[in-house]
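Okay, structure first, notes after.
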Amino acid sequence: MFAATAIALLVAMVLALVRLYAGPSLYDRVLAANSFGTKTVLLIAVMGFLTGRPDFLDIALLYALLNFIGTIAVLKFFRYRSLGDAVEEKAASRNKEASQ
Amino acid sequence: MEFKDAFGLFNYWIVIVLMMTGLYIVVSRGNLVKKIVGLNIFQTSVFLLYISMGKVTGGTAPILTGKPEVFSNPLPHVLILTAIVVGIATTALGLALVVRIKNAYNSIEEDEIQKLDLAAENEVDEPGARP
Amino acid sequence: MIALLVEAASWTFLLLGAFLVLVGALGLVRMPDFYTRLHPAGITDSLGADFILTGLVLQAGFSLVTVKLFLIGAFLFFTSPTSTHAIANAALVAGLKPRHAVVPPRPPEKATQDEEAR
Amino acid sequence: MISAHLPILQVIVPLIAAPLSAFCRRAGVAWYLSLVICAVSFAISIALLIQVLEEGHISYLLGSWAAPWGIEYRVDVVNAFVLMIISGIGTAVLPYARTSIAAEIEPHNQALFYTAYLLCLTGLLGMVITGDAFNAFVFLEISSLSTYALVALGAGTDRRALSAAYTYLVMGTIGATFFVIGIGLVYMMTGTLNMADLAARLQGLEHNRTVLVAFAFIVTGIGLKLALFPMHLWLPNAYAFAPSAVTVFLAATATKAAVYLLLRFLFTVFGIDYHILGLTMTWLFTPLALAAMFAASTVAIFQVELKRMLAYSSVAQIGYMVLGMSFLSVTGLTATIIHLFNHALMKGALFMVLGAIVLRQGAATFNTIRGLGRKMPWTMAAFVTGGLSLIGVPLTVGFVSKWYLVAAALESGRWPLAVLIVLSSLLAVIYVWRVVEAAYLEEPPADSKATEAPLSMLVPTWILIAANIYFGVDAGLTSRIASAGARLLLGVAQ
Amino acid sequence: MESVINMALLVFLAGTAFAILRRTTLFSVVMLSGVFSLVSAALLVHLDAVDVAFTEAAVGAGVSTVLMLSTLALTARHEAPGTRSRAIPLIVVFLTGLALVYGTLDMPRFGDPSAPVHQHVAPRYISATAHEIGMPNIVTAVLASYRGFDTLGEVTVIFTAGIAVLLLLAGTIREPTTATKITAMEHHLVLRVVTKVLIGPILLFALYVQFHGDYGPGGGFQAGVIFAAAFIIYALVFGLETAGNALPGRAVRILLALGVLIYSGTGVVSFFFNKNFLDYSVLGATAQAGQHIGIILVEFGVGMTVAAVMVSTFYAFAGQNPPIGDEEW
């Protein structure tokens, strides 16, 4: 039964990768990457049970945490173009340029 | 080499393909950031080579659970934990160098940097433009 | 008897969760526009994940593993909606227009996808 | 109590000093700490050498775990000698570095410079002393990472140091990864990482294809680190654009540690009777060494910047060491080991001279050294003596290593090689003469206000020059150690 | 079933590697390299290398993606089309690959229990760990005690990287002037609230991983990365300056050095009991207790140094003011 869930998750991950590859706009790609990450968390959890060693869940928890940080870093990267303190007017000019 | 035999090595062959892809990216691409990503792939696939040599079919992770079980070999895991740290250290240093090169040359393409160096060299034989 | 019941319940949860994740992934691919894709991504993150995790909790019974599963569930409960919100907010602020905007846009060009928002 | 822990103290003392020097805010304090620590590690290496000459070899079990299970330090004549070279040069460079670094590196980086310097020293010492293959890789990486940072610090004066450091990083990491692949394959076939244990278990795997490929990868990986002829592209730029004190330290020690590692793996791990060893020596190492000697020396002749010229001459000198190795005879190996020491002295002194010129003139090129013979008499005199030693004139160390090399060539019956060795020394005459001619026979530009280098730089230079001459005249001690090491590596009776 | 997942993940990896090779937008290259290290972490879990998968996920998907993103923010976003001929690299790579495949012919088959690797040194670790060190996680036992000096080398490597990044980038860090008072993400109320809620559990999770390393997957290095991840997310959302108040650059530099000193200090202590370096058996009442204390201390040193290096590297990268104008962007 775990195998069925694992395969379903693998298929879902492939579909997410399709969107990651095809996604016209950048934000589609970020969304696909984020959902790919969440599915991997579930895959690692299910694989832990599949191999009968459920104490691998730390990795799943770690990955859920990192997936969140990665997404936030990507968004800040595009919004303010620097992961440090960005000056407000620089960000404003970028929106004008990004939306033409 | 009947199929069962070849199948046993299939794992290593794919790891070798990964290694060569990483090496190819490093050797052929001119972009400095791309080279570092290639280096990362090359090193990660070497880690996979080490770990797949330590795996025992039917064995579990080398964490004692009281029950007598077949364990996979713990030694490659220890070596690779150190090698991962070496990999991330090299990546951090390489990226810091890329940022400094961008500040100095205003480009991160190897060909442009070489052009700038040659231009600076035969312009006049001064020791090199200040950054 | 109880064990059989719990076993069956966890299978149903697992299968339901797997089905929902698949539906979400399919929706992510088939949906025409970015904003409509937010919904299926939400399905997999929230409901799909919860069903699978509860299925695993039932399998694991009362132990440290269940605590970890609960932690993962709580963590996903907090981070998934936030990150989906952050992505949607970033897209909107960057000026990515929904495909069929309420305001009548200039003559809707042929079925070109939403413009490249780079 | 202390003498029992000498092997580990050799590495731990600089290793603990590095974080301590990171605490110092001012460069002076960090410099003083590094000087004391280098002197202590030099003393430890001498004590180790004496102890090893008496007892044969020392084995130190880390964490008191038995050899193949824990990590073991095996110190014998060869690596005790190389340890002494590395810590000796490290101690000689520090008083020199004080003023040279102050002039070439941005002020805010000077305190941390000494931390990176100590880490590089730790890496080199740890790499040479260890008896465990993977531990050698870890300390190889410590020394490489700190070397990349030290080379990049040259950006204070010339931005090309950054691209040189980047190329060095990419090629160095590829070399180190090849080395790890080699160790992985050998570990896969034997199950152990301890070098002595590896040697024992490799005996039975004579014609195993995996061990053969492992041998190829280890040799290529260390060859890259060693700047063996076709893989030397990173060396000239790295040595030319690094700060002068860093070039002095690297030219005299970094490639030596890599040569030692190659010796250790070829002769101790794979053993002299490994069937492929003879083939690789005659068909790969000898031609590459000859190519290195001739091609690098000819390129050196046409260089404008003196540092890059000496860097190419280093590539040629490494060709000599590899040539000595390829004779597979006791005299050949003695030539290689003794040339490790002699080359460190020669190149250390020559690069120190160039550092003094850079301090006074801003750059060391053929038009900035015009007429320096009169302006900086002591410095240029040191250059002349070092140049003579580079050529191999009698009464200098260069002559001793050339002597052993020619003897090994004649002994192996291939006398044309002896002729080629002497011919390549003539190439060295040309580029040394170009510098001497520019310095002494040409008139200094009217406005040149070059003055003699400061005492703190002249004294270390002249100490190395004096050692150049002393060990040239009385080569008894060094040749005794080198031949003992050669016999040990070849497993010939002592 | 096992080998099906194995094969699927390996093919996944090869596909991602080829995609990275072909993509020219550097942003998608960075994201794909995050996916690459994530899938390799999943494969490592499948190959029973739990600690390694933990570290690879923490490093590959977490730290290196954030570092690469901050590098991209400071440099360019597109890779210039290659002008150089692809012939020589192809030949070199093909020959190396061929040599490696030739090398695999005599290798023991994948997962073969009678391979020499499982006969010589490893069996002792598996059998002796229970009574010599008394710790379920054999990998941590071997990492910290049997081959403890390798891990000291590892800590020194990460310390060297921290010092090198400081040497390279400390000069051009932009002092937070008043102009940047408007920290980023000012009006992202949802993000700020959620991050405040999450920082606590993340740090708690880091400490759990640090001290749970003896019993399950985890240990100093992974804990250090998670600890740094908490501060990175705090700096991302609340701005570098507020994060600087919480963990100032000077304190990070001291922690950087302190971790290495703790590790080597634990080793030096055994000199006074006339034992070899890094011999923990003298630290406790019995040899086994000593090993426990030694390993916990050593892992603590690793965790401190790794966390300090990751935070100081992030501060160095994020603190740079982007030199390129907006038009190039």
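Here is the naming used below: chain letters follow the sequence lines, and residue numbers restart at 1 for every chain.
- In this structure, the portions of B/Ser28 lying under 4.5 Å from any heavy atom of chain E include both its backbone and its side chain.
- Distance alone, capped at 3.5 Å, is enough to place a donor-acceptor pair between the B/Asn73 side chain and the E/Val117 backbone.
- For the pair B/Thr57/E/Pro113, a side-chain contact is recorded, criterion being any heavy-atom separation below 4.5 Å from C-beta on.
- Rounding to the nearest 0.5 Å places OG1 of E/Thr16 at 8.5 Å from CG of B/Leu18.
- Taking each heavy atom of E/Ala17 and B/Ile25 in turn, the nearest pair found is O-CD1, 4.4 Å.
- Ranking E/Val157, E/Val52, E/Leu13 against chain B, the residue ahead of the rest is E/Val52, based on heavy-atom pairs under 4.5 Å.
- Looking at E/Pro123, there are no atoms closer than 4.5 Å to chain B (heavy atoms on both sides), in backbone or side chain.
- When each of E/Val101, E/Asp112, E/Thr313 is checked for heavy-atom pairs under 4.5 Å with chain B, E/Val101 comes out on top.
- Only the side chain of B/Thr91 comes within contact range of chain E, with heavy atoms under 4.5 Å apart.
- Taken to the nearest 0.5 Å, the CD1 atom of B/Ile16 stands 4.5 Å off from the CG atom of E/Leu100.
- Proximity to chain E (any heavy atom under 4.5 Å) is shown, for B/Val86, by both the backbone and the side chain.
- Taking NE2 from E/His46 and OG from B/Ser52, the interatomic distance works out to 11.5 Å, rounded to the nearest 0.5 Å.
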query = E/Thr24 and B/Asn31: side-chain contact (heavy atoms from CB on, under 4.5 Å), yes or no, with the steps?
reply = CA-CA 10 Å; E/Thr24 53; B/Asn31 184 290; over 6 Å; no
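- Distance alone, capped at 3.5 Å, is enough to place a donor-acceptor pair between the B/Lys34 side chain and the E/Ile20 backbone.
- The residue among E/Tyr125, E/Phe36, E/Phe54 with the most heavy atom pairs within less than 4.5 Å of chain B is E/Phe36.
- In this structure, the portion of B/Val17 lying under 4.5 Å from any heavy atom of chain E is its side chain and not its backbone.
- Both the backbone and the side chain of B/Ile41 come within contact range of chain E, with heavy atoms under 4.5 Å apart.
- For chain B, no part of E/Val155 is nearby; none of its heavy atoms comes within less than 4.5 Å.
- Distance check: B/Leu49 CG to E/Thr104 OG1 gives 10.0 Å after rounding to the nearest 0.5 Å.
- Within the 4.5 angstrom heavy-atom criterion, atoms from both the backbone and the side chain of B/Met20 approach chain E.
- Residues B/Leu81 and E/Gln222 are in side-chain contact: their nearest non-hydrogen atoms beyond the backbone lie under 4.5 Å apart.
- With respect to chain E, the highest number of heavy-atom pairs below 4.5 Å among B/Ile101, B/Ile51, B/Val70, B/Asn40 belongs to B/Ile51.
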ask   = Passes side-chain contact (heavy atoms from CB on, under 4.5 Å), B/Leu79 versus E/Arg147? Steps please.
value = CA-CA 9 Å; B/Leu79 304 180; E/Arg147 290 185 67 92; 4.0 Å; yes
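- Here E/Thr55 is the residue among E/Thr55, E/Val309, E/Val306 with the most heavy-atom pairs under 4.5 Å with chain B.
- Within the 4.5 Å cutoff, side-chain heavy atoms of E/Phe221 are placed close to those of B/Val85.
- Contact of E/Ala316 with chain B is not made at all, since no heavy-atom distance falls under 4.5 Å.
- At least one side-chain heavy atom of E/Leu168 sits under 4.5 Å from a side-chain heavy atom of B/Leu93.
- Side-chain contact between B/Met53 and E/Phe110 is absent, with no heavy atoms from C-beta onward closer than 4.5 Å.
- When side chains are defined from C-beta on, B/Leu48 counts as touching E/Leu43, because their heavy atoms get closer than 4.5 Å.
- If you measure heavy-atom distances from B/Leu75 to chain E, the contacts under 4.5 Å come from the side chain alone.
- Contacts between E/Ala49 and chain B at a heavy-atom distance below 4.5 Å involve backbone atoms as well as side-chain atoms.
- B/Tyr12 touches chain E through its side chain: at least one heavy atom from C-beta onward sits under 4.5 Å away, while N, CA, C and O do not.
- Counting heavy atoms from C-beta outward, E/Thr71 and B/Lys102 have side chains that stay 4.5 Å or more apart.
- Counting heavy atoms from C-beta outward, E/His118 and B/Lys55 have side chains that stay 4.5 Å or more apart.
- Atom CD of E/Glu56 sits about 9.5 Å away from atom CD1 of B/Ile88, to the nearest 0.5 Å.
- With a 4.5 angstrom heavy-atom cutoff, E/Thr151 does not touch chain B via any of its atoms.
- Going from atom CZ of B/Phe10 over to atom CG of E/Asn6 covers 10.0 Å, rounded to the nearest 0.5 Å.
- Interface summary for chain B: among E/Val92, E/Leu90, E/Val121, E/Asp51, the most heavy-atom pairs under 4.5 angstrom belong to E/Leu90.
- Interface residue E/Leu26: only side-chain heavy atoms are found under 4.5 Å from chain B.
- In this structure, chain B has a heavy atom under 4.5 Å from the backbone of E/Met135, while its side chain stays farther away.
- With hydrogens and angles ignored, the 3.5 Å screen pairs a side-chain donor or acceptor of B/Arg29 with a backbone N or O of E/Leu21.
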